[in-house]
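Accompanying notes for the structure given below.
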Amino acid sequence: MLTTAPNSLHTWASHFSGAEIPVLETTAEALAVLATGQDEVTAGQLAPLVLADPMMTVKLLAHVAQRRPARALTGSETVPQAILMMGVQPFFAAFGSQPTIESTLSAWPGAMQGVRNVLARSHRAALIALAFAVHRKDPDAEIIHEAALMHDFVEALLWCHAPLLALAMERLRA
């Protein structure tokens, strides 16, 4: 956990580049339940579960992007595509037991509320973006929805890995 702000952008980036991304407890529990019968689980069942959690969405897309072959010209742009390209069993192998936001922030209830607020804002923004995309008949509506869903990821990660700093920033904003 960061307790003091790093002096440079490079230091911030190096700290967060290796940071574990925790997911919502409901996501971790649902994945654990589905993992017991993973032979019957489909990508269509996993995609809504992943999309319900912006942190898990980022985690999945980052995982798939890191493992993309160098010869591939484009990667998976959406969660369903990523799960299909990865496969259900490899998905469960990669995302078995997940750290949770709730356990990470158990000592900081104010930070837990802060991350909940960020995730709620992400969901609202994603729905608004999707509504505009559908209204405009944009063929990339799904991508626009996911981009809006993940937009506040860095702030959510800050709440998880530097709760004291995030709480101080919240007080300054108020």
Side-chain angles (χ1 to χ4, degrees), residues 1-36 46-67 75-79 82-83 86 91-131 142-174:
M1 297 266 174
L2 279 176
T3 55
T4 58
N7 294 330
S8 70
L9 181 59
H10 182 278
T11 311
W12 278 102
S14 64
H15 174 77
F16 284 114
S17 66
E20 182 68 46
I21 301 172
V23 301
L24 291 169
E25 193 169 62
T26 54
T27 304
E29 290 170 354
L31 287 175
V33 168
L34 288 174
T36 60
L46 287 173
L49 173 66
V50 172
L51 286 167
D53 185 344
M55 304 295 272
M56 187 65 204
T57 301
V58 170
K59 197 169 194 169
L60 169 67
L61 293 176
H63 177 82
V64 170
Q66 289 172 347
R67 282 149 186 80
S76 303
E77 293 181 325
T78 65
V79 166
I83 295 169
M86 189 178 188
F91 173 89
F92 282 111
F95 301 108
S97 177
Q98 293 295 309
T100 67
I101 295 169
E102 289 81 357
S103 64
T104 301
L105 296 177
S106 62
W108 296 282
M112 187 62 226
Q113 186 58 49
V115 78
R116 280 189 182 119
N117 293 343
V118 170
L119 297 179
R121 187 176 67 221
S122 295
H123 281 289
R124 279 191 309 276
L127 288 174
I128 292 168
L130 180 61
E142 188 176 15
I143 295 168
I144 291 168
H145 172 262
E146 289 182 19
L149 184 69
M150 296 182 292
H151 180 266
D152 291 326
F153 165 74
V154 173
E155 185 178 350
L157 199 60
L158 179 70
W159 280 106
C160 293
H161 289 283
L164 297 176
L165 292 174
L167 286 166
M169 287 171 40
E170 185 70 20
R171 282 190 296 276
L172 288 172
R173 271 193 285 204

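Residues Met55 and Val115 fail the side-chain proximity criterion, which asks for heavy atoms closer than 4.5 Å. With a 4.5 Å cut-off on side-chain heavy atoms, Val23 and Lys59 count as touching. Between Ile21 and Phe153, some side-chain heavy-atom pair lies under the 4.5 Å cut-off. The shortest distance between side-chain heavy atoms of Trp12 and Val154 does not fall below 4.5 Å.
At least one donor-acceptor pair closer than 3.5 Å links the side chain of His161 to the backbone N or O of Glu20. With Thr57 contributing its side chain and Val50 its backbone, the two residues share a donor-acceptor pair below 3.5 Å. Side-chain atoms of Glu102 come within 3.5 Å of backbone atoms of Glu25 as a donor-acceptor pair (strictly under, hydrogens ignored). Side-chain atoms of Glu77 never come within 3.5 Å of backbone atoms of Ile143 as a donor-acceptor pair (strictly under, hydrogens ignored).
Checked options Leu31, Leu46, Leu49; the residue passing with Met56 is Leu31 (criterion: side-chain contact (heavy atoms from CB on, under 4.5 Å)).
Other residues, nucleotides and ligands place no more than 12 heavy atoms under 6.0 Å from the NE2 atom of His151.
Of all the heavy atoms in Pro54 and His123, the pair that sits closest is CD-NE2, 3.5 Å. Closest heavy-atom contact between Pro6 and Thr11: CB-CG2, 3.5 Å. Leu51 approaches Leu149 most closely through the heavy-atom pair O-CD2, 3.4 Å. Across every non-hydrogen atom of Ala82 and Leu61, the tightest pair is CB-CD2, 3.9 Å. Contact between Ala148 and Ala126 at its shortest, heavy atoms only, is CB-CA, 3.6 Å. Minimum interatomic distance between Pro22 and Cys160 (heavy atoms only, all atoms of both residues): CG-SG, 3.7 Å.
Rounded to the nearest 0.5 angstrom, Met112 CE and Asn117 CG are separated by 9.5 Å. Here the straight-line distance linking atom CG of Leu157 with atom CG of Asp152 works out to 12.5 Å at 0.5 Å rounding. Rounded to the nearest 0.5 angstrom, Leu167 CG and Met169 CE are separated by 10.0 Å. The distance from the CZ atom of Arg67 to the CE atom of Met86 is 7.0 Å, given to the nearest 0.5 Å. Asp53 CG to Leu60 CG: the interatomic distance, rounded to the nearest 0.5 Å, is 11.0 Å. The distance from the CG atom of Leu34 to the CZ atom of Phe95 is 14.5 Å, given to the nearest 0.5 Å.
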